[in-house]
Amino acid sequence: MYRLSRLVKRGGVGQEPLPAPFASWTERGMRIRRNSLHLWAGPSASFKTMIILNAIMNMKVPTLMFSSDSDESTIASRMLGILTGTPIDKTEEWLSPTSGELEKAAQLLEPLDYIRWDFSPNPTLDDVWNATYAYATVEGCWPQQIVVDIASDVYLDGHKDEWSMLKELMRQGKVLARETGAAVHMVHHVSDAWKPTLERPVPSRGDVLGKLSGIPVLMVNFAPGGDGEVLAACVKNRFAKCDASGKTFLRMS
């Protein structure tokens, strides 16, 4: 048991924000916080992975990322595209075993080695915990953020259906954040029933698959816009204004 006054005195109750992933998010009070769970959701082809890659590259803090939805070559080519502004079909060619660009690609990616990767295609919850403990053993500290892309690929034994697994995964994500002090991110899908309309081009909070809004402190939903844009709507924010309907959104390049 704790005395709250003593925890406050030694700085033990703060949810200090991490560096801002995007200036446009900071302006709207959309902050990534330590000790907390965050949920990013959208339909297929809504650039969820690209958004989270841009975010962790902008934040530049030690990160452990579970990438079950994309393999090594896909992630590497996307990050090279972000770094250089080169189309991804070109950066994919750089990674060919016969390419003369492999050394260049490695040099470009080396400054991003503060990100540690796990590319298991079907991780279990134990895999997530064990990799996190392994990170702490090797680095001597916890990662400052942990990303699971994509949440529905994580298998939890003993559950009858996907919905109960997803709800338990959210609970475990909160425990993981509290135990490590990290900002934990879950990248997720929205329901197939959701269809964009002129009035509501971004999914609402209720459209998130499994209706998992109870635990995350921040939820941002994405949808593709026109002319290379991504539409981002803050549908839950425990620390600032939000719009659960998804009708209030910002345009990201």
Side-chain angles (χ1 to χ4, degrees), residues 16-26 30-34 36 38 40 42 46-97 99-121 123 127-128 130-151 153 173 176-177 180-187 218 220 222 228 230 232 252-253:
E16 178 189 358
L18 289 173
F22 307 105
S24 59
W25 287 25
T26 303
M30 299 160 61
R31 302 298 301 271
I32 309 301
R33 297 178 181 273
R34 304 175 196 272
S36 302
H38 310 75
W40 319 119
S46 58
F47 305 102
K48 301 183 292 295
T49 298
M50 288 295 286
I51 289 288
I52 197 68
L53 287 178
N54 274 275
I56 62 178
M57 291 168 70
N58 290 341
M59 295 165 75
K60 296 181 173 63
V61 300
T63 300
L64 174 59
M65 183 158 180
F66 297 87
S67 179
S68 62
D69 204 40
S70 302
D71 60 21
E72 300 94 316
S73 61
T74 301
I75 292 295
S77 60
R78 288 177 173 180
M79 296 180 82
L80 288 167
I82 294 169
L83 289 168
T84 65
T86 305
I88 291 176
D89 58 346
K90 297 296 183 184
T91 59
E92 286 177 338
E93 294 176 2
W94 295 357
L95 302 176
S96 168
S99 169
E101 305 289 345
L102 286 175
E103 185 62 32
K104 171 187 174 182
Q107 290 176 356
L108 286 167
L109 291 170
E110 189 173 359
L112 301 175
D113 282 347
Y114 58 84
I115 309 168
R116 296 289 190 268
W117 297 89
D118 187 311
F119 290 102
S120 303
D127 292 333
V128 173
N130 288 335
T132 304
Y133 290 135
Y135 180 104
T137 299
V138 172
E139 301 296 331
C141 62
W142 299 114
Q144 293 190 34
Q145 57 185 356
I146 300 167
V147 182
V148 177
D149 181 19
I150 198 150
D153 282 346
L176 184 63
T180 63
V184 174
H185 308 266
M186 299 285 180
V187 184
L218 180 69
V220 183
F222 303 104
V230 177
M252 302 181 68
S253 298

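Only this structure's heavy atoms are used, side chains among them; waters, hydrogens and symmetry mates stay out. Position 1 is the first residue of the sequence; numbering continues from there.
- Nearest approach of I146 to P143, heavy atoms of both residues: CG1-CG, 3.7 Å.
- Here the CZ-OG1 distance, from R116 to T63, works out to 10.5 Å after rounding to the nearest 0.5 Å.
- Here the straight-line distance linking atom CD of Q145 with atom CG of L64 works out to 10.0 Å at 0.5 Å rounding.
- Among all heavy-atom pairs drawn from L218 and R31, the shortest one is CD2-O, 3.6 Å.
- The aromatic rings of H185 and W40 sit parallel to each other, their planes meeting at less than 30°, with 60° as the upper class boundary.
- Between the CD1 atom in I56 and the CG atom in L112 there is a gap of 8.5 Å [rounded to 0.5 Å].
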* **Intermediate values then yes/no, side-chain contact (heavy atoms from CB on, under 4.5 Å), M65 and I52** => CA-CA 10 Å; M65 183 158 180; I52 197 68; 3.9 Å; yes
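- Between the side chain of S36 and the main chain of R34, a donor-acceptor pair closer than 3.5 Å is present.
- To the nearest 0.5 Å, atoms CG (L53) and CD1 (I75) are separated by 4.5 Å.
- Taken from CD1 in I82 to OG1 in T91, the straight-line distance is 9.5 Å, to the nearest 0.5 Å.
- Ring geometry for Y133 versus W142: interplanar angle of 30 to 60°, hence tilted.
- Of all the heavy atoms in D118 and A131, the pair that sits closest is OD2-CB, 4.1 Å.
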* Pair D127-F66, side-chain contact (heavy atoms from CB on, under 4.5 Å): steps then yes or no -> CA-CA 10 Å; D127 292 333; F66 297 87; 5.7 Å; no
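- Between S68 and P121, the shortest heavy-atom contact is CB-O, 3.6 Å.
- Across every non-hydrogen atom of L95 and A76, the tightest pair is CD1-CB, 3.7 Å.
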* Before giving the answer on side-chain contact (heavy atoms from CB on, under 4.5 Å), spell out for I115 and V147 the whole-Å C-alpha distance, their side-chain angles and the decisive distance to 0.1 Å. => CA-CA 10 Å; I115 309 168; V147 182; over 6 Å; no
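- From S67, atom OG reaches atom CD of E72 across 8.5 Å, with rounding to the nearest 0.5 Å.
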* Would you please test T180 and Y135 for side-chain contact (heavy atoms from CB on, under 4.5 Å) and show each step? => CA-CA 11 Å; T180 63; Y135 180 104; over 6 Å; no
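- Looking only at side-chain heavy atoms (C-beta outward), L83 and L109 come within less than 4.5 Å of each other.
- The minimum heavy-atom distance between T86 and W94, with the atom names listed, is OG1-CH2, 3.8 Å.
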